Amino acid sequence: MTIRSLPAAPAGRPCAGVSFDLMPQAMERWNAGIQAATADDKNTISVLDAIGFDPWSGEGVTAKRISAALRSINGADVTVNINSPGGDMFEGLAIYNILREYKGHVTVKVLGLAASAASIIAMAGDEIQVARSGFLMIHNGWTIAAGNRHQFREVADMMEPFDAAMGDIYAARTGGDLKAMQKLMDAESWIGGSAAVEQGFADTLLDSDSIKEGAKAQSSVIAARKLDLLLAKQGMPRSERRSLVQEIKSGTHDAVGPGMQDAADNLANLAEPIAELERALARFSAAATN
């Protein structure tokens with residue numbers, strides 16, 4: 001299949017103030033250390049982080065970055081290595097469109113996880129390869145919203161066409177039925193490497209020696225992402241979570257002692273409070289179900 005025959009994704013952000021966020025389940029199952037066994041060459045693009053700007057690492061995968069990388073490759077064949085928990089759906093759709101329109105041959109390699117927005121990016125490959133131990137995860141757009149019932153209906157109405165567009169892309173790439181894709185999305189489906197090939201989400205399995213587990217993320221980044229995960233589970237909007245991390249980085253938040261100005265130290269020192277918060281939330285959840 002040529003990617004030019006795939007449907008274009010809708011562009012833009014039609015509803016101000018609403019963003020699509022990382023799903024906690026994807027963050028929990030993501031091994032950030034998985035990478036290609038061989039060093040990237042000049043015609044390789046790595047998608048090994050959250051989709052959209054990630055304030056925890058100061059990085060993230062954006063459409064602007066992918067577009068710049070493709071310009072430097074200048075129409076030559078390109079390999080896109082993916083190991084990402086997903087993130088901003090709008091950014092993922094924009095990257096999908098950029099890769100779909102690229103003139104050269106696009107080979108996508110799912111090294112570990114291509115979840116959510118990253119799974120949409122993966123669909124833009126002329127050829128899609130997936131590790132036997134890899135996973136794709138597809139689902140409906142996931143966001144946090146606040147407001148009255150009218151505002152919630154507005155958000156739901158806004159999300160519906162984007163979910164439909166993602167279903168169209170999965171159906172076109174796999175040759176499957178749109179309703180079947182929508183059922184998989186409704187169920188939040190985790191699709192292993194062999195199943196991805198069988199179902200048409202990928203063309204072939206990667207050779208077993210194509211991937212390796214590299215260095216882990218810095219402890220400060222891990223601590224910050226765990227904090228973000230816990231706050232997201234409690235329903236705190238992304239904007240508030242991002243504001244909190246900026247306060248922590250600057251050393252101004254009450255949780256950080258006076259005079260602690262180093263961002264990495266500030267975040268790393270949260271490891272034990274985060275662990276205690278996790279234990280407390282687990283106890284609360286267990287009590288609520290009894």
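If you're wondering where the values come from, they're calculated on a predicted model, not measured in any experiment. No hydrogens, no waters, no symmetry mates; every other heavy atom, side chains included, goes into these values. Here, residue 1 is the first one in the sequence, and each next residue gets the next number.
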* Asked: Within a strict 4.5 Å, meaning less than it, do heavy atoms of the Thr107 and Asp77 side chains meet?
  -> no
Side-chain contact test, heavy atoms from C-beta onward, threshold under 4.5 Å: evaluate it for Ile73 versus Ile45 and give yes or no.
yes
To the nearest 0.5 Å, atom OG of Ser119 lies from atom OH of Tyr170 at 2.5 Å
Output for pair (Ile51 CD1, Phe90 CZ), nearest 0.5 Å, gives 15.0 Å
Output for pair (Arg100 CZ, Met123 CE), nearest 0.5 Å, gives 14.5 Å
Could you see if Val106 belongs to whatever hydrophobic cluster contains Leu48? Use Ile, Leu, Val, Met, Phe, Trp, Tyr and a side-chain cutoff under 4.5 Å. no
Between Arg173 and Asp203, does any side-chain N to carboxylate O distance fall below 4.0 Å? yes
Between Asn43 and Thr79, is any pair of side-chain heavy atoms under 4.5 Å apart? no
- Would you check if there is a donor-acceptor pair between the side chains of Ser189 and His139 at a distance under 3.5 Å? no
Exercise for review: Check whether Ile34 and Ile128 end up in the same hydrophobic cluster, where Ile, Leu, Val, Met, Phe, Trp and Tyr are linked by side-chain heavy atoms less than 4.5 Å apart.
Suggested key: no
Does one side chain, of Ser210 or Asp207, offer a donor that lies under 3.5 Å from an acceptor on the other? no
query: Do the side chain of Tyr102 and the main chain of Gly75 share a donor and acceptor less than 3.5 angstrom apart?
result: yes
All heavy atoms of Leu111 vs all of Leu206, minimum pair found to be CD2-CD1, 4.0 Å
d(Ile66 CD1, Ile121 CD1) to nearest 0.5 Å is 7.0 Å
Quiz item: Are the side chain of Trp30 and the backbone N or O of Asn83 linked by a donor-acceptor pair below 3.5 Å?
Solution: yes
When every non-hydrogen atom of Phe201 is compared with those of Leu136, the smallest separation belongs to CB-CD2, 4.2 Å
Any side-chain heavy-atom pair from Leu113 and Ser84 closer than 4.5 angstrom? no
Note to self: Hydrogens and angles aside, do Asn140 and Asp186 bring a side-chain donor and acceptor to less than 3.5 Å of each other?
What the structure shows: yes
All heavy atoms of Gly52 vs all of Thr62, minimum pair found to be C-CG2, 4.1 Å
task = State, yes or no, whether a side-chain contact exists between Asn31 and Glu213 at a heavy-atom distance under 4.5 Å.
result = yes
When rounded to the nearest 0.5 Å, the distance separating OG1 of Thr38 from CD1 of Ile211 is 12.0 Å
For this session: Start with the C-alpha distance between Val110 and Gln129, add both sets of side-chain angles, then the distance that settles side-chain contact (heavy atoms from CB on, under 4.5 Å), and finish with yes or no.
Result: CA-CA 6 Å; Val110 179; Gln129 303 172 14; over 6 Å; no
- Query: If we only count heavy atoms from C-beta on, is the Val47 to Asn81 side-chain gap below 4.5 Å?
  - Reply: no
Please step through side-chain contact (heavy atoms from CB on, under 4.5 Å) for the pair Met89 and Ser116, ending with a clear verdict. CA-CA 8 Å; Met89 184 194 72; Ser116 189; over 6 Å; no
State whether Phe135 and Arg29 meet the cation-pi test: NZ (Lys) or CZ (Arg) under 6.0 Å from the six-membered ring centroid, and within 45° of the perpendicular axis. yes
* To do: Start with the C-alpha distance between Thr204 and Val197, add both sets of side-chain angles, then the distance that settles side-chain contact (heavy atoms from CB on, under 4.5 Å), and finish with yes or no.
  => CA-CA 6 Å; Thr204 58; Val197 174; 5.6 Å; no
Rounding to 0.5 Å, atoms CG (Asp163) and CE (Met181) come to a distance of 14.5 Å
* Asked: Taking atom CD of Gln151 as the centre, does the number of heavy atoms from other residues, nucleotides or ligands within less than 6.0 Å exceed 12?
  -> yes
Scanning both residues in full, the closest heavy-atom pair of Val130 with Ala202 reads CG1-CB, 3.7 Å
**Prompt:** Is any side-chain heavy atom of Ile191 closer than 4.5 Å to a side-chain heavy atom of Gln199?
**Reply:** yes
Nearest heavy-atom approach of Asp49 to Gly60 is OD2-N, 3.5 Å
Using a 4.5 Å cut-off on heavy atoms from C-beta on, say whether the side chain of Leu99 contacts that of Val80.
yes
Smallest heavy-atom separation, Gly125 atom then Val108 atom, equals CA-CG2, 3.7 Å
